[in-house]
Amino acid sequence: MPRALPDAAYLELLSRRAPAEAYDEPLARARASGAPPEELADLESGKLLALRIRAELEGRRRREAELTALIETVHDLAGLRDLDDVLRAIVQRARSLLGTEVAYMTLTDHERGDTYMRVTEGSVSARFQQLRLGMGEGLGGLVAQTARPYVTDDYPADERFRHTSPIDSAVGEEGLVAILGVPLLLGGREVIGVLYAADRRARVFEREQIALLGSFAAYAAVAIDNARLLGETRDALAELETANETMERASDVHDRLTELVLRGGDVTDVAGAVAEVLEGRVEFAEPVAASAQPAVERSRNGGYAVRDGDDWVTAVSAGGELLGALVLQGHPDLNPVDQRTFERAAMVTSLLLLARRSAGEAEQRVRGELLDELLDAARHDPRLLRDRAARLHADLDAPHVLLSARLDGQAGADAEESLGRQRLWAAASHLAATRRGLAAAREGGTVLLLPLSDADAAREGGAAPATPSRLAQDVAAQLGVAAGAPVTVGASATVPAPAAQPGAVAAAYPEARRCVDALRLLGRAGHGAAAEDFGFIGMLLTDSRDVGSFVRRTLGPVLDYDARRGTDLVATMEAYFACGMSPARAKDMLHVHVNTVAQRLERVARLLGDDWQSPERALETQLALRLHRLSGAVGG
């Protein structure tokens, strides 16, 4: 039987991809069977040739697999759009292609002139993941500086690289030994970073592996650049879209503000429109509150909106006068276009305020002229009075009270006193307009003719009917706050219908003035009062000398009690005062027990108040008792 050709055995081994040690078996069998030297030499030559063919085939298969993996990786990278996703995919595929334990990437920081760790895969050291390498430092710094790949099978012992303590410490903490680094090149010149594959054991990276990672790095650099460009394009489109939206908002607010000016809107309308467009909360600060804010002063001096913490503030001014401020709350980030929109809103607000002031001043003049005529002349045509008042939304057929207001606490420079009077006049005019009354400047003060209604009492939280006294107190408080100084207000008795009795307004003015003077003399400047508040002094302040009203105000509850119960508390009070306020002596005059006197006086205290025996009230009470007795005797 002829023997098989030596090459056939090796071809069979090659066909089934046998391991390298299997190629020794044909030669071993031939030696065992006693084959001649010539045959053994042929088998040895065939084995060497077969091993070379096997190595070539294995290399081709490996390169084919690597090329396939490279193509798949490039295809995958082409489908990614986010830069972070691209960087992570590059590092993960680099680790997979070379089968290393760790892969990572550093990117070039052109501003700082070094490279920094951007992405790692398989790393466990926090220090290593935050590493920065200067140009020329370590293996990666050298790659970034020279734009050439470098490899080492034992980095800690390799003296070709400039070792630094931070780099060696981080590499040591990660435990890396064999490292391969290739540059990420754009256009063959610009190094944008370095791609690494590394193991924690000694390893020789073959030339084919270095070439493979270099090829992958070339594709990776293009993918990184494309992702960057795509990100920049997306950002630019987003900025363009935002700018377009901002311009549309600016156009919208411009149209809305123009409409507000044309239809005579107010400050609240402007704030609402701006708040809706800028998607925030906008409030208007009055001049007094605005002047206390440093941000408003900065805005006023600079002529533009300024940031104040999380808010934006823009001053509303005209001709150097501060009219207030607009405050955009809780909106710390404001782009330039929105800032201009906010500033434009302040300009529109100033226009509206000036227009309102002009209209208000015209209306104030008309109100002042009408009240001046009522104060100076007793004869007027009631029909003309009603028509003129109706145009001012006033009803002169309703009960009114005339009030005289004087500014206190402004003694000093003439300029300060003049400014205080201007504030008082402005506040009084505003109050007259809101309460549908009239106001006029007179004799260094202000005169108001206001309607008297239960609505005034209800506004102050009271359940009692409105009175001139309550109205005077209310007006003194409001004008004092607005003027920034105490304002003393005196009120006349009620004028039932000014249109029907025009002369009653002129007659009421002296009474209101006397009440102001009385308040000042009694040390009650800054308060409001009517004649009824001064007890028996009030009779001297009025022209009517209404004794009955004084008696009723002073003794009314006691008189009513006696009338209902058939008692005579009035007689007890007279005896009590006649005996020097001594209950023991009063009992003898009344012929009752002292306890009875005490009980009656307690009843009087419950009716008139516990302070009815105080010096001030005791004098009024005694006068009222005598006037009551006198009126009874005269009537009898």
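Annotation: side chain of V151 is in contact with side chain of I210 (closest heavy-atom distance under 4.5 Å). Side-chain contact check for L479 versus L424: some heavy-atom pair is nearer than 4.5 Å. At a threshold of 4.5 Å between non-hydrogen side-chain atoms, the residues V143 and L139 count as touching.
Between atom CD1 of residue I90 and atom CG of residue D85 there is a gap of 11.0 Å, rounded to the nearest 0.5 Å. In this structure, L98 CG and E206 CD are separated by 10.0 Å, a value rounded to the nearest 0.5 Å. The distance from the CD atom of Q209 to the CG atom of L180 is 8.0 Å, given to the nearest 0.5 Å. Remark: S317 OG to N301 CG distance equals 9.5 Å, nearest 0.5 Å. Between atom CG of residue L142 and atom OH of residue Y150 there is a gap of 4.0 Å, rounded to the nearest 0.5 Å. Rounded to the nearest 0.5 Å, atoms CE (M135) and OG1 (T146) are 10.5 Å apart.
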Would you tabulate the side-chain donor-acceptor contacts of residues 166-176 under 3.5 Å, counting partners in other chains and residues two or more places apart, or write 'none'?
from	atom 1	to	atom 2	distance (Å)
D168	OD1	H163	ND1	3.0
D168	OD2	H163	ND1	3.3
S169	OG	S165	O	2.8
E173	OE2	S125	OG	2.5
E174	OE1	S123	OG	2.7
E174	OE1	V124	N	3.2
E174	OE1	S125	N	3.0
E174	OE2	V124	N	2.9
E174	OE2	R200	NH2	2.6

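Considering only residues two or more places apart in sequence or on other chains, Y104 meets the ring pair (Phe, Tyr, Trp, His ring centres under 6.0 Å) condition with F128, Y196. E25 meets the side chain to side chain donor-acceptor pair (under 3.5 Å) test with no other residue; sequence neighbours excluded. With sequence neighbours left out, R281 forms a side chain to side chain donor-acceptor pair (under 3.5 Å) with E283. Partners of D84 by salt bridge (Lys or Arg N to Asp or Glu O under 4.0 Å), not counting sequence neighbours, listed by chain and number: R118. Applying the ring pair (Phe, Tyr, Trp, His ring centres under 6.0 Å) test to F205 and every residue at least two apart in sequence or in another chain returns nothing.
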| task | Please lay out, stage by stage, how V177 and R203 fare under the test side-chain contact (heavy atoms from CB on, under 4.5 Å). | result | CA-CA 8 Å; V177 177; R203 167 179 176 171; over 6 Å; no

| query | Does the side-chain contact (heavy atoms from CB on, under 4.5 Å) test come out yes or no for V327 and W312, once each step is laid out? | reply | CA-CA 6 Å; V327 181; W312 280 83; over 6 Å; no

| message | If you apply the rule side-chain contact (heavy atoms from CB on, under 4.5 Å), what do you find for L131 with R127, and how did you get there? | response | CA-CA 6 Å; L131 187 62; R127 180 186 301 183; 5.8 Å; no

| said: As a quick check of understanding, evaluate side-chain contact (heavy atoms from CB on, under 4.5 Å) for V102 and D199, giving each step before the final call. | reply: CA-CA 6 Å; V102 182; D199 269 334; over 6 Å; no

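Remark: the backbone N or O of V191 is paired with a side-chain donor or acceptor of T108 at under 3.5 angstrom. With hydrogens and angles disregarded, a donor-acceptor distance shorter than 3.5 Å links the side chain of S215 to the backbone of A211. Without hydrogens or angle criteria, T152 side chain to D158 main chain gives no donor-acceptor distance under 3.5 Å. A side-chain donor-acceptor contact under 3.5 Å links D109 to the backbone of R112. Side-chain atoms of R132 never come within 3.5 Å of backbone atoms of D114 as a donor-acceptor pair (strictly under, hydrogens ignored). The closest donor-acceptor contact from the side chain of R307 to the backbone of G309 lies under 3.5 Å. Under the 3.5 Å distance criterion, the side-chain polar atoms of S96 are left unmatched by any main-chain donor or acceptor of Q92.
Scanning all heavy atoms of the two residues, the minimum distance from L195 to M105 falls at CD1-CE, 4.3 Å. Across every non-hydrogen atom of A198 and I179, the tightest pair is CB-CG1, 4.0 Å. For the residue pair G141 and L133, the shortest heavy atom distance occurs at N-CD2, 3.9 Å. For the residue pair A94 and L213, the shortest heavy atom distance occurs at CB-CD1, 3.9 Å. Heavy-atom minimum distance, P149 versus V182: CB-CG1, 3.7 Å. Considering every non-hydrogen atom in both S299 and A315, the closest pair reads OG-N, 2.9 Å.
Residue V296 is tested with V316, T314, L326, V313 for a side-chain contact (heavy atoms from CB on, under 4.5 Å); the sole match is V313.
More than 12 heavy-atom neighbours from other residues, nucleotides or ligands sit within 6.0 angstrom of CZ on R160.
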